[in-house]
Amino acid sequence: MPVKISRRNGLTFLAVVLVVFVIILISFSAFFSLGATSSLDNSLSQTIRNSPVNDLTQLSLPPVIVSHQATPKPLRAVYMSSWVAGNQEARDKLLERLKGTSVNAIVIDVKDSSGKIVVKLDAPALAKYESLASQVPDIIEFVNELHQKNFYVIGHISVFEDNYLTRRRPDLAIQRLDNNQLWEDDKGMSWLDPSSQEVWDYAIAVAKEAYVAGFDELNFDYVRFPSDGKISNMRFPYYDPNQKTKSEVIEGFFSYLHNQVQNIGVPISADIFGMATTNTDDLGIGQILEKISPYVDYICPMVYPSSYPLNFRGIKRPALAPYQIIKLSLDSAVKRLTIQGLPVEKLRPWLQDFNLGAVYTASMIKSEIKAVNDSGLDSWMMWDSSNKYTINAYRKTDAN
């Protein structure tokens, strides 16, 4: 018996067919669009996996498609602590305060000096170290949000100062010569041996995972030997001073890092002591400007005036003379890179927006920025561990 379709049922049937057709059309459109959008991402992930690997560089795909932004020129960044990044209210408040300023980049901890990986990285290869604290569980979504707000996002990675892995893996740590226990500096922090290949691979695995998670640039800090504490009581499980100097070890790390990530295309930056711009020795920590700069895209001297000793180069109280300290330091760095045949644009200093040695006012911070500009540079990063920031110093009409 033929099926009779009433006008009402017929309309219902046609409506269902139309809905199904639309769904199929949208699905095909999304499929091809996704294919076009994700091809670069899939290619990137494959490129990372095909880079020189070891057991620490087997990466996981992010749960959502990520994109990366080009480095802004000039770059004006502020540091955002993992506590603020992991607190919705706190980070929203800081981002709101930054509106109307020249700040166009955010630096966020990926691995801080505590040794914990404080953003959520789904990294099976890193899981065995049990250092995944995930203080910022929605890091991929947050980085994407920052991109939508036109912020460039830099991942800050502490390398050899590590108060966690040293205690879990003391075989990788600097130890005391007198009793073979963990060596600690004056702040009670312990350090990984800068010559350990496993430590190098661990730091690079963290960096690659951070890039896959959406960070646009990777900034390496504490790539040095300890600077304080009872240095004479250090015993290294891997470093042999009869085989290499400290500066050769640090140069070796950056050379290895460069070789591991150069085919990915991720910009790399290195933090160095401010006095490494004026001293030609390694300051006892292995940092020599000319040995590091060839292997990184940006070199970031921490020219915090408060970190310079009293009477430095005739300046009685450096913390009270931000313009003079920064200008002197950056002029020296510019000259040295020029002699080396490297672009001075590699220089991107860290500046001070915190009270130490002096109360830092908007006027003093502007004088820091002026010193950068007068040295022929235009990019900077600003540090304030409390994330309070003197916003009036960064208004677009002021920070040129």
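Quick caveat: nothing in here was measured; it's all calculated off a predicted structure.
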Fill in: Test side-chain hydrogen bond (donor to acceptor under 3.5 Å, both in side chains) applied to T245 and S247, step by step
CA-CA 5 Å; T245 64; S247 65; 3.2 Å; yes
Item to complete: Please step through side-chain contact (heavy atoms from CB on, under 4.5 Å) for the pair C300 and W350, ending with a clear verdict.
Response: CA-CA 6 Å; C300 310; W350 277 105; 3.8 Å; yes
Worksheet item: Given H156 and D109, is the side-chain hydrogen bond (donor to acceptor under 3.5 Å, both in side chains) satisfied, shown in steps?
Response: CA-CA 5 Å; H156 180 253; D109 281 321; 2.7 Å; yes
Practice prompt. Assess whether side-chain hydrogen bond (donor to acceptor under 3.5 Å, both in side chains) is satisfied between N87 and R91, documenting all intermediate values.
Written response: CA-CA 6 Å; N87 183 292; R91 73 192 191 193; over 6 Å; no
Worksheet item: Yes or no on side-chain contact (heavy atoms from CB on, under 4.5 Å) for W183 and T166, after CA distance, side-chain angles and deciding distance?
Response: CA-CA 10 Å; W183 180 89; T166 49; over 6 Å; no
Item to complete: Might you work through the side-chain hydrogen bond (donor to acceptor under 3.5 Å, both in side chains) test for N150 and N104, ending with a clear yes or no?
Response: CA-CA 7 Å; N150 296 316; N104 57 12; over 6 Å; no
Practice prompt. Begin from the C-alpha positions of N263 and V261 and carry the test side-chain contact (heavy atoms from CB on, under 4.5 Å) through to its verdict.
Written response: CA-CA 6 Å; N263 61 337; V261 303; 5.9 Å; no
Worksheet item: Checking side-chain contact (heavy atoms from CB on, under 4.5 Å) for the pair Q352/W383: CA distance, chi angles, key distance, verdict?
Response: CA-CA 6 Å; Q352 175 174 346; W383 184 272; over 6 Å; no
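Residue Y298 comes nearest to K73 through the heavy atom pair OH-NZ, 3.4 Å, listed as atom of the first residue, atom of the second, then distance. Heavy atoms only, all atoms of each residue included: V334 and S375 are closest at CG2-O, 3.7 Å. Contact detail for D297 and P267: the closest heavy-atom pair is OD2-CA, 3.3 Å. The heavy-atom pair separating I174 from P194 by the smallest distance is CD1-CD, 4.4 Å. Of all heavy-atom pairs spanning L218 and A210, the tightest one is CD2-CB, 3.9 Å. Here the closest non-hydrogen pair linking L320 and A358 is CD2-CB, 3.4 Å.
In this structure, K316 places its NZ atom where only 12 or fewer heavy-atom neighbours from other residues, nucleotides or ligands lie under 6.0 Å away. When the shell of 6.0 Å around CD of Q88 is examined, it contains more than 12 heavy atoms from other residues, nucleotides or ligands. Taking a 6.0 Å sphere around NZ of K244, one finds it holds 12 or fewer heavy atoms contributed by other residues, nucleotides or ligands.
Looking only at side-chain heavy atoms (C-beta outward), L257 and Q260 stay at 4.5 Å or farther from each other. Here the side chains of R313 and Y308 are not in contact, with every heavy-atom distance at 4.5 Å or above. Under the 4.5 Å side-chain criterion, counting only non-hydrogen atoms from C-beta, E141 is not in contact with N144. E368 is not listed as a side-chain neighbour of V372, based on a closest heavy-atom distance of 4.5 Å or more. Using a 4.5 Å heavy-atom cutoff, the side chains of K366 and K370 are not in contact. Using a 4.5 Å heavy-atom threshold, the side chains of Y129 and L165 count as touching. With contacts defined as side-chain heavy-atom distances shorter than 4.5 Å, the pair V223/I250 qualifies. V78 places a side-chain heavy atom less than 4.5 Å from the side chain of I106.
Going from atom OG of S293 over to atom CD1 of I299 covers 5.0 Å, rounded to the nearest 0.5 Å. The distance from atom CD1 of I326 to atom OG of S367, rounded to the nearest 0.5 Å, is 7.0 Å. If you take CD on Q181 and CG on N233, they are separated by 11.5 Å, rounding to the nearest 0.5 Å. Taken to the nearest 0.5 Å, the CG atom of D384 stands 12.5 Å off from the CG atom of L351. To the nearest 0.5 Å, atoms NE2 (H147) and OH (Y152) are separated by 9.0 Å. Considering CD1 of I268 and CD of Q262, their distance stands at 11.0 Å, rounded to 0.5 Å.
The aromatic rings of W200 and Y256 sit tilted relative to each other, their planes meeting at an angle between 30° and 60°.
Hydrophobic clustering, with ILVMFWY side chains joined whenever heavy atoms are under 4.5 angstrom apart, groups L283 together with I231. Cluster annotation: V199 is connected to L132 through the hydrophobic network of ILVMFWY side chains, with a link wherever side-chain heavy atoms come within less than 4.5 Å. Residues V206 and F254 share a hydrophobic cluster, clusters being chains of Ile/Leu/Val/Met/Phe/Trp/Tyr side chains in contact below 4.5 Å.
Among Y360, Y304, Y79, the single residue meeting the ring pair (Phe, Tyr, Trp, His ring centres under 6.0 Å) criterion with F354 is Y304. Just one residue in the list R317, Q324, M275 forms a side-chain contact (heavy atoms from CB on, under 4.5 Å) with F312, and that residue is M275.
A salt bridge is absent between D112 and K116; no separation between the charged side-chain nitrogens and carboxylate oxygens falls under 4.0 Å. E290 and K346 are not joined by a salt bridge, as no carboxylate oxygen comes within less than 4.0 angstrom of a charged side-chain nitrogen.
Residues S131 and Y202 have side chains that bring a donor and an acceptor to within less than 3.5 angstrom of each other.
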